[in-house]
Amino acid sequence: MSDEPRLNDSVNASADSQSPPFGKPGRRSRTPTFGQRHGTVPWSNAVPERSSSRPIELRFQPVENGMDYLLSVSECLADEPTSRELKYAVLHLQAAVEVLLKARLAGEHWALVFDKIENASREKFVKGDFRSCGTPEALKRLEVIVGLDLGVSGGIENDLKQLVKWRNALQHYGLTEPAPAVEKISANILDFLLTFVHDHLRPSLTTEDLQVLNRQIGLVGDGLAQIKRLLAARWNRLRGELTPLQDDTVACPLCQQEALLLGVDAPSCRFCLVIWPHGEEAAFTYVETVLKLDVAKVFHDNGASLVNECPNCSADALVSGIKMASGREVPHLCFQCGVKFGELEPCWDCGLPYTLDVDSNGQCKRCGGVGKGVPF
């Protein structure tokens with residue numbers, strides 16, 4: 001797996017359509033590429049002749065459509081994906097999530113697919129002339145109304161939210177992300193979807209849909225296994241590099257791997273290669289995705305701030321209760337400068353955390369005292 005490809009399509013690859021990617025020259029695959037399976041060819045080749053006796057139709061039922069999107073994703077992420085293939089991996093994966101979740105909702109009752117259930121119309125459903133619910137609402141309905149235990153809290157919930165953000169960025173104004181970040185989150189979601197299909201969608205399928213599913217699910221599973229092998233190989237390559245840095249490394253808010261290195265120019269993940277330009281953003285995202293705390297809700301409920309000003313660099317990037325990759329527990333850590341602090345007390349005036357000096361009168365340095373943070 002190369003670290004070079006980046007999903008950088010802010011202009012030319014803005015996704016105004018979800019057309020399939022074209023196969024790579026020289027790639028040998030155990031399964032046909034998306035383009036080979038659907039009759040598309042690279043632009044440089046001649047367009048194949050079509051038989052006039054049998055007109056081509058666009059015919060995909062929901063389950064077949066969703067599984068075909070998943071197969072496309074597994075093909076796009078095989079070997080060393082190009083920027084174009086990364087783009088379609090994101091678009092097709094989000095499409096697969098929506099199609100497969102809503103296929104299960106429709107299996108329970110067709111009205112559950114509508115954005116507003118109270119406006120559901122059988123006629124509109126049959127024609128496909130309606131606004132459907134989004135991914136978060138589909139997940140909620142599957143758990144609350146249908147009664148499924150999807151296990152979407154925590155990491156996979158964050159991955160699904162990130163996928164929606166990437167898809168929206170590509171559709172509207174472009175996106176730049178490192179290839180390993182796309183691959184890791186895509187592998188997580190592929191894994192989730194295959195489990196969902198097997199446990200919750202398969203039992204509700206008709207005989208025809210089940211035959212289609214059985215033809216495709218093995219190919220998608222093989223593709224996911226290959227992606228996981230590539231990710232495992234990447235982690236093995238990084239292990240030697242990260243071992244001596246474990247006391248300055250925490251879990252990455254994006255890929256969840258213990259590979260986010262602090263104390264450098266900017267927080268950067270050595271696994272997914274994401275660089276956080278500002279420690280503040282990394283800190284807030286870490287609290288919500290790794291510590292699984294709702295910053296806004298905690299502040300609203302009791303006025304407590306989960307991210308505070310750092311006594312060393314003054315950035316709003318100080319987080320409490322951090323566990324380093326080495327296993328060491330740190331009372332306070334700044335995601336901007338990387339400085340670790342021991343126990344801190346709130347300033348009597350502004351409430352910001354500082355180690356208070358005997359002569360500071362309970363005030364931090366900014367409020368007129370001499371108290372300041374002491375490195376841990």
Side-chain angles (χ1 to χ4, degrees), residues 1-10 13 15 18 20-24 27-31 33-34 69-97 154-170 174-196 219-239 241-242 251-261 268-276 285 289-290:
M1 182 184 303
S2 171
D3 296 347
E4 294 301 320
R6 295 176 64 88
L7 188 53
N8 187 356
D9 297 290
S10 56
Q18 294 194 13
F22 299 111
K24 298 176 182 176
R27 171 184 284 183
R28 298 183 63 184
S29 174
R30 59 182 177 280
T31 59
T33 65
F34 190 96
Y69 276 134
L70 288 186
L71 188 54
S72 170
V73 172
S74 67
E75 292 171 352
C76 284
L77 296 180
D79 300 330
E80 297 181 2
T82 65
S83 183
R84 180 178 173 83
E85 286 169 318
L86 289 169
K87 180 183 76 169
Y88 285 109
V90 169
L91 294 174
H92 289 180
L93 186 55
Q94 176 58 24
V97 170
I156 191 62
E157 181 180 23
N158 296 323
D159 291 340
L160 289 168
K161 289 179 180 178
Q162 186 63 56
L163 180 64
V164 171
K165 291 178 182 178
W166 283 346
R167 180 266 182 193
N168 290 342
L170 276 172
L175 176 67
T176 298
E177 289 291 341
V182 177
E183 291 164 328
K184 180 65 176 69
I185 287 183
S186 296
N188 293 346
I189 297 175
L190 275 172
D191 205 0
F192 163 75
L193 284 178
L194 286 180
T195 301
F196 171 80
L219 296 175
V220 177
D222 287 346
L224 175 59
Q226 171 65 8
I227 296 168
K228 285 185 174 181
R229 284 193 292 270
L230 294 171
L231 292 172
R234 172 167 178 74
W235 184 252
N236 288 335
R237 290 196 302 270
L238 287 172
R239 198 180 304 278
E241 174 188 344
L242 290 175
C252 172
L254 183 63
C255 73
Q256 307 289 306
Q257 301 297 306
E258 291 187 331
L260 185 72
L261 185 62
S268 59
C269 179
R270 297 300 175 89
F271 185 85
C272 71
L273 301 182
V274 166
I275 298 175
W276 302 80
T285 310
T289 63
V290 179

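We use all heavy atoms of the structure for the numbers below, so side chains are in, but hydrogens, waters and symmetry mates are not.
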Pair E183-S186, side-chain donor/acceptor within less than 3.5 Å: no

Of all heavy-atom pairs linking C76 and E85, the shortest is CB-O, 3.4 Å

List the atom of Y69, the atom of H92, and the distance in Å for their closest heavy-atom pair. CB-O, 3.5 Å

Within this structure, what is the CG-CG distance for the pair L190 and D159, rounded to the nearest 0.5 Å? 11.0 Å

Minimum heavy-atom separation for W166 to V90, with atom names? CB-CG1, 3.8 Å

Working to the nearest 0.5 angstrom, can you tell me the gap between L160 CG and K165 NZ? 12.5 Å

From L224 CG over to L77 CG, what is the distance, rounded to the nearest 0.5 angstrom? 10.0 Å

Search all heavy atoms of R270 against all heavy atoms of L238 and return the closest pair with its distance. O-CD1, 3.1 Å

For L194 and G221, the nearest pair of non-hydrogen atoms, with its separation, is CD1-CA, 4.0 Å

Verdict with supporting geometry, L93 and L70, side chain to side chain contact (heavy atoms under 4.5 Å, CB included): CA-CA 6 Å; L93 186 55; L70 288 186; 4.0 Å; yes

Would you check, one step at a time, whether the test side chain to side chain contact (heavy atoms under 4.5 Å, CB included) holds for L231 with F271? CA-CA 9 Å; L231 292 172; F271 185 85; 4.1 Å; yes

Qualifying residues under side-chain contact (heavy atoms from CB on, under 4.5 Å), relative to S74, sequence neighbours excluded: L71

Any chance you could measure E258, atom CD, to C252, atom SG, to the nearest 0.5 Å? 11.0 Å

Could you measure the distance from the CD atom of Q257 to the SG atom of C269? Nearest 0.5 Å is fine. 7.5 Å

R167 and Q94 have their tightest heavy-atom pair at CG-CG, 3.8 Å

Atom CD1 of residue position I275 - does it have more than 12 heavy atoms of other residues, nucleotides or ligands inside 6.0 Å? no

Do L91 and K87 have side chains that get closer than 4.5 Å, going by heavy atoms? yes

Using the side-chain contact (heavy atoms from CB on, under 4.5 Å) criterion, which residues pair with T285? Sequence neighbours excluded. P253, W276, E281, T289

Test of understanding: with ring pair (Phe, Tyr, Trp, His ring centres under 6.0 Å), list the residues that count as partners of F196, not counting sequence neighbours. H200

Starting at NZ of K184, measure out to CH2 of W235 and round the result to the nearest 0.5 Å. 10.0 Å

Go through the structure and list residues passing side-chain hydrogen bond (donor to acceptor under 3.5 Å, both in side chains) with D191, not counting sequence neighbours. K228

